[in-house]
Structures are given as C-alpha cells and as structure tokens.
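Throughout, residue positions are numbered sequentially from 1 according to the sequence presented. Owing to the predicted nature of the structure, the values given are computational and were not obtained by experimental measurement. Below, each value reflects all heavy atoms present in this structure, side chains not excepted, and no hydrogens, waters or symmetry copies.
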Amino acid sequence: MITPESSSLTITTLAGINLALRRYGSGGGQTCLAIHGFGEGSYVWRDLARAMPQSWSLITVDLRGHGESAWDPSGRYDLEDYVSDFDDLMSGLGVERFALVGHSLGARIGCILAARMPSRVSAMALVDFGINLSETGQDRALADFIESFKPFATYADYASWFAASRPLTDPRLLDMIATQSLRARDGALYSKCDPKLIAFANKIVDETSIRAALREIQCPTLVVRGAGSAVFPPQAAVETAERLLRGELKTIPGAGHAVVVENPETLARELVDFLQRHTAFPTGERFEVRRGFPRGSF
C-alpha cells in the first residue's frame with residue numbers, strides 16, 4: 001500500500017493555467033492518473049492512494065477552476081480545455097504510459113484522452129459516468145453545486161450541509177471534505193471553485209463526442225456505477241460497458257453518484273484489482289499520441 005505522504009507540485013499548462021497536483025508513491029513502477037468530478041477536488045482520491053500497491057505512483061490533480069488550481073481569468077471551462085490541460089500535464093511530467101481513473105467529469109475527460117492516445121493509456125476506469133445519463137439527476141447535482149457557493153460560517157456548517165445533500169457520504173470524510181472545499185474570505189468560508197463554472201456545466205455535457213470516443217477506446221475499461229446513483233441509471237451502465245471494446249461493469253453498494261466519498265474503500269479495492277489485472281506493458285509498445293483524432297474531433 002502507498003503511504004499517505006505525498007509530494008505537492010504545480011504544473012503550468014501551455015494555456016498558462018497553474019494546476020495543483022499531488023504525487024503519491026515512489027514512482028518506480030506503474031503510474032495512475034486520477035481525475036475528480038465537477039465541483040470536487042483531488043482530495044476525493046485519498047482512499048485510493050492508501051490502497052494502491054507500493055510500486056505504483058498515483059497522480060491526483062485539481063481541475064482548473066477547482067481546489068488549489070488556478071481559476072481561468074478568461075473563464076474557459078469547456079471539455080476541450082480540460083482535455084488539453086491533461087495532455088500538457090502528463091507530457092510535462094514525462095509520463096509516457098499510465099492508467100487512468102476518472103469520476104463523472106473526470107471520466108468524461110478520460111474518455112477523450114484514452115481515445116486520442118491509445119498507446120499511452122494502459123487501462124481506465126469510468127466511475128459513475130457513461131452514455132444516457134439522467135437529466136433529472138444531473139440537474140439535481142447542478143443545483144447542489146450552485147448552492148455550495150453560499151457563505152458558510154464554519155466548516156462544521158458546511159459539513160452538515162454536505163451530509164444533508166449527500167446523505168450516503170462516509171461520515172469519517174465530512175470534516176476533510178469541508179476543509180478541502182472552502183477558503184476563508186471576508187469573514188466567511190466560500191467554495192474554492194470558480195463561480196464561472198456554473199455557466200459551463202451544461203456545455204461540458206456532450207453525448208455525441210462521448211459516444212464516438214467510447215468506440216475508439218482500445219484499453220481495458222471498467223465501468224463503475226454506484227448502486228443508488230440518480231445520475232447513471234442501471235441500463236445506461238450496461239450499455240456503456242457493452243459499447244466499449246474491452247468493457248467490464250462493476251456496481252458499488254452503499255453509494256450513489258458520489259461513489260468516491262460514499263463508499264471509497266470498496267471503490268478503491270475494485271479499482272486496484274482491475275488495474276493490477278490490466279496494466280502489463282505490451283512487448284514492443286511504442287509511445288505516441290494517436291494523430292487520427294485531432295483536438296476537437298470528439
């Protein structure tokens with residue numbers, strides 16, 4: 001298991017955005033990139049860091065406009081902006097081949113990355129994300145995100161609000177989520193997220209590009225669904241896994257859409273098991289970005 005200690009780094013993308021990241025592990029073996037969901041932060045992957053084999057490195061990143069990463073001064077938060085950030089990030093770190101785990105928006109980003117650079121992504125897990133997502137569930141998640149921008153008097157107030165809006169959340173994580181999600185300003189506590197993200201929430205949802213990307217993904221891919229998810233219906237999870245060339249499906253009990261904070265230990269065990277089964281390097285592998293799908297094609 002990887003020890004909880006990590007190194008903190010900042011990488012500047014070609015677009016000039018400073019991304020905050022943490023790197024867990026020795027870096028001597030395989031590398032896994034974990035991308036969090038909309039409105040969250042890299043802190044959601046701490047249980048995964050503890051569960052990863054000692055020989056692995058785990059890279060967790062705050063998306064632009066989230067956590068400790070910079071807000072884009074021009075308010076650029078399209079899906080393509082996020083995809084470009086991670087292309088720049090992994091190239092800047094010198095990581096040629098890696099496994100990828102993404103939750104929600106992070107999984108959406110991962111789909112595009114894996115489709116464009118199949119020789120670099122060795123295996124992938126899509127956590128509570130796929131095709132035919134519930135519009136009602138997504139609208140509820142957006143409403144909660146908008147409400148999170150109100151001022152909070154204390155971290156405990158935020159933890160109570162969070163528990164009420166996501167009642168399946170693991171209670172031991174509530175204090176950590178509160179301290180990682182808020183920043184003190186003008187005598188109150190406010191979300192670290194850029195309010196401009198609200199306007200981009202619906203633009204990030206691009207069903208057509210995801211359907212096309214799923215067909216092009218060559219690596220083994222685990223589709224994970226929270227058993228009680230209101231965003232990712234059971235049949236949608238089945239159809240997503242079937243659309244993939246090498247898809248598998250796993251349901252996590254005791255969790256809804258926010259699997260990463262609702263049943264993180266079970267999720268971590270399933271992810272590690274999957275990654276260990278599917279991350280051997282093919283003989284004679286060449287590392288190169290696939291050129292047949294330029295940025296913006298899907």
### Task
Can you establish whether the number of heavy atoms outside E135 located under 6.0 Å from its atom CD is more than 12?
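12 or below, so no.
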
### Query
Would the number of heavy atoms belonging to other residues, nucleotides or ligands and lying under 6.0 Å from CG of D175 be above 12?
no

Are the side chain of [X] and the backbone of [Y] linked by a donor-acceptor contact shorter than 3.5 Å?
X: Q30; Y: T279; value: yes
X: T13; Y: I17; value: yes
X: T179; Y: M176; value: yes

#### Entry: Pairing residues for E265 by the salt bridge (charged side-chain N to carboxylate O under 4.0 Å, His left out) criterion, not counting sequence neighbours
R172

Which residues satisfy the side chain to side chain donor-acceptor pair (under 3.5 Å) test with [X], sequence neighbours excluded?
X: R76; value: D72
X: D194; value: Y77
X: S8; value: R22
X: K192; value: E68

### Results of side-chain contact (heavy atoms from CB on, under 4.5 Å) for L21 - residues two or more places apart only
L9, I11, I59, V61, L89

#### Entry: Contacts of N263 that satisfy side-chain contact (heavy atoms from CB on, under 4.5 Å) - sequence neighbours left out
I252, P253, A255, T266

### Gap separating the OG atom of S84 from the CD1 atom of I112, nearest 0.5 angstrom
11.0 Å

### Query
If you look only at pairs with a residue in residues 224-234, which of them pass as a side-chain hydrogen bond (donor to acceptor under 3.5 Å, both in side chains), with sequence neighbours excluded?
D128-S229

### Query
Under the side chain to side chain contact (heavy atoms under 4.5 Å, CB included) criterion, do N132 and R211 qualify, and how do the steps go?
CA-CA 10 Å; N132 298 327; R211 284 180 174 272; 2.8 Å; yes

### Query
Taking I109 as the fixed residue, which of I35, D85, L100 is the one that meets the side chain to side chain contact (heavy atoms under 4.5 Å, CB included) rule?
I35

Are any of the side-chain heavy atoms of [X] and [Y] separated by less than 4.5 Å?
X: V223; Y: E248; value: no
X: C111; Y: L126; value: yes
X: R243; Y: R215; value: yes

### Query
Any ring pair (Phe, Tyr, Trp, His ring centres under 6.0 Å) pairs touching residues 230-265, not counting sequence neighbours?
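For residues 230-265, and leaving out neighbouring residues, the ring pair (Phe, Tyr, Trp, His ring centres under 6.0 Å) pairs sorted by first residue read H103-H257.
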
#### Entry: Geometric class of the F38/H66 ring pair [parallel <30°, tilted 30-60°, perpendicular >60°]
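Geometry flag for F38 against H66: perpendicular rings.
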
### Task
Could you note down all residue pairs passing salt bridge (charged side-chain N to carboxylate O under 4.0 Å, His left out) where residues 156-167 supplies at least one of them, sequence neighbours left out?
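Salt bridge (charged side-chain N to carboxylate O under 4.0 Å, His left out) check on residues 156-167 returns E40-R166.
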
### Task
Mind checking ring pair (Phe, Tyr, Trp, His ring centres under 6.0 Å) for F152 and listing every partner two or more places apart, or none if nothing turns up?
Y158, W161

### Query
What residues form a ring pair (Phe, Tyr, Trp, His ring centres under 6.0 Å) with Y155, not counting sequence neighbours?
none

### Query
Looking at D144 and R140, does any basic side-chain N land under 4.0 Å from a carboxylate oxygen?
yes

### Query
Closest heavy-atom contact between Y43 and S181?
OH-OG, 3.2 Å

